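Below you'll find the structure, written out as structure tokens, and then a few comments.
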Number of protein chains: 2
Amino acid sequence: MSQRLDIHNSEVPVVCRSCEARHRGICGALSADQLITLSKHTVKHTLSPEQSVPASRPSSSNYSNILKGIVKLSKMTSDGRQQIVGLQFAPDFLGRPFGSQPEMAAEAVTDVKVCSFPKSLLETLIAQSPELEHKLYEQSLRELDEAREWMLTLGRKSAAEKVASFLYLLATHADPEADLRSDSVAFEIPLKRSDIADFLGLTIETVSRQITKLRQAKVINLTDNRLVEVPNIDRLKALAEVGP
Amino acid sequence: MSQRLDIHNSEVPVVCRSCEARHRGICGALSADQLITLSKHTVKHTLSPEQSVPASRPSSSNYSNILKGIVKLSKMTSDGRQQIVGLQFAPDFLGRPFGSQPEMAAEAVTDVKVCSFPKSLLETLIAQSPELEHKLYEQSLRELDEAREWMLTLGRKSAAEKVASFLYLLATHADPEADLRSDSVAFEIPLKRSDIADFLGLTIETVSRQITKLRQAKVINLTDNRLVEVPNIDRLKALAEVGP
DNA sequence: CGTATGATTGAACGCCGTCAATAAGAGTGG
DNA sequence: CCACTCTTATTGACGGCGTTCAATCATACG
């Protein structure tokens, strides 16, 4: 036992030390003591693409933090048409605190690691520290902004503009300074075509055709159907045709 | 000066007494003292349809509560295509706390009354009472649920289903028990056709045609283009064709 | 090598947008 | 009261965009 441990009898748990959720996610609002409590009831899961996140099943009484990978939130009509209503990245929080659970699936898009914990525990921690609720509130505001931005795309843009908007979204996400520098950007499309279609409210075929058109117009460069190179990000942005 | 005023030197301000925002809105989280402070910096506005809410202009440093009427939140592409991304009712809070202001217009749909106050004041009050932030968080979660529900409609439903979904939304909003009782419901469409079109991601003509079809199929009964009677709400719900 | 999954491409149909004409009300002013 | 205008809504004809159906290709895996 080190002296340090005697002086501070509460230190950040090992599992949390290099965790992104503690640096940029909601766990940043918690004290060392609270992290210890939380870590005792925590389970890590690894998910392959298409697997659903434990926390998303109504049966489960868990919430989760994404540690790695991408998770899609989607809704379905009774006859099977599907719409992706959100994409979440590390270190996002997954779950719907306070009451009503809207019908929604949460599935891994890439390989995903999550950190799950009981719902009741989060609610206890919220009661203790307002800063935790503040972090949750800020995430929900970000998600709301993204959802509304995407409603404009779903409701009012052509297929060509939708696909360009999607690629522009990925490009700027992969490289946050891309929209400033305006030269070449390269990234990987983490979704398969059917996910892109469900995200854009299109069919697989239309998505494929539009990507082909972008490639023929030299706006993008495709190598292996996933790896995209954008020589001039401003040309892509112009095709996305979004308001000022 | 009455005795009462001496005993409780802080009473709920007159302007707040019968205000819905105090009963169901965010002001319910405030103490009498806080309400007094707030009411001193408060201005009420009356808006006609198409007028934009003061709080929505970036120049303004105000937030608002809706006291009466309906407000639409909308986004536009650079070439003028418009999409309504949210409808807000009394006693909703209007504004975007904490940083980035997404490009969005807020305009009255009906005759509207709002109660406006400085942004800085709200932030002070939030710091004082966590319960206020909790109310704001809950509203943003409701808005997020609604936005995602609507994304499914925008991305995956036909024009007929969109219009039916919209009318079903109004019917259940006008009469919350309508989906249980399943007999006749009557209500007024508070939006004009162009607003409905912008809400559904359609054109005015398509909206008009679909309403005509619903009327011919006796699913609804129109009198003055605004007044709707739904003889059997379940038939309408079936046409909205939404998931389980 | 055979199968499964994902992606591309082609051909034809159909929904919904576009353009245009008409109608119905509301407000204004003579 | 009527004439005029402006806004809002309805209806029709036509064409294009995106879906649907179907065939082909590429890659991974057993």
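Computed from heavy atoms alone, side chains included, the values below leave out hydrogens, waters and symmetry copies. Just so it is clear, the structure is predicted and the values come from calculations on it, not from any experiment. Note on naming: letters A, B, ... go to the chains in the order of the sequence lines (proteins, then strands), and numbering restarts at 1 for each one.
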Shortest side-chain distance from [X], nucleotide among [options]:
X        : options                : answer
A:Thr212 : D:dT10, D:dA9, C:dT9   : C:dT9
A:Lys192 : D:dT20, C:dA7, C:dT18  : C:dA7
A:Arg215 : C:dA7, D:dT19, C:dT9   : C:dT9
A:Glu205 : C:dA20, D:dC21, C:dC16 : D:dC21
B:Arg209 : C:dT9, D:dG18, D:dA13  : D:dA13
A:Arg193 : D:dG18, C:dT8, C:dA11  : C:dT8
B:Leu222 : C:dG17, D:dT10, C:dA7  : D:dT10

Which residue lies more 5' along DNA chain D, comparing B:Glu50 with B:Thr206 via nearest heavy atoms: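 It is B:Glu50, whose closest nucleotide lies nearer the 5' terminus.
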From [atom1] of [X] over to [atom2] of [N], roughly how many Å is that when rounded to an integer?
X        : N      : atom1 : atom2 : result
B:Gln210 : D:dA9  : CD    : C1'   : 15 Å
A:Lys157 : D:dC17 : NZ    : C1'   : 18 Å
A:Leu200 : D:dT19 : CG    : P     : 10 Å
B:Asp224 : D:dT8  : CG    : P     : 15 Å
B:Ile204 : D:dT11 : CD1   : P     : 15 Å
B:Ile211 : C:dC16 : CD1   : P     : 15 Å
A:Ile196 : C:dT8  : CD1   : C1'   : 13 Å
A:Arg226 : D:dT27 : CZ    : C1'   : 13 Å

For residues 200-216 of chain B, dump all side-chain donor-acceptor pairs below 3.5 Å to protein atoms at least two apart in sequence or in another chain.
| residue | atom | partner | partner atom | Å |
| --- | --- | --- | --- | --- |
| B:Thr203 | OG1 | B:Thr206 | N | 3.3 |
| B:Thr203 | OG1 | B:Thr206 | OG1 | 3.0 |
| B:Thr212 | OG1 | B:Ser208 | O | 2.9 |

From CA spacing to verdict: side chain to side chain contact (heavy atoms under 4.5 Å, CB included), B:Ile189, B:Leu167: CA-CA 8 Å; B:Ile189 304 178; B:Leu167 292 177; 4.0 Å; yes
Quick one: is [N] close enough that its OP1 or OP2 comes under 4.0 Å of any side-chain N or O from [X]?
X        : N      : value
B:Ser208 : D:dT10 : yes
B:Asn225 : D:dT10 : yes
A:Thr203 : D:dT19 : yes

Separation of B:Leu67 CG from B:Cys115 SG (nearest 0.5 Å):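 Answer rounded to 0.5 Å: 5.5 Å.
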A:Lys113, NZ atom: more than 12 neighbouring heavy atoms under 6.0 Å: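 Open.
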Touch class at under 4.0 angstrom, heavy-atom based, for B:Leu202 against every strand present: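 Sugar-phosphate only.
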Carboxylate-amine/guanidinium proximity below 4.0 Å for B:Asp145 and A:Arg96: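 Salt bridge present between B:Asp145 and A:Arg96.
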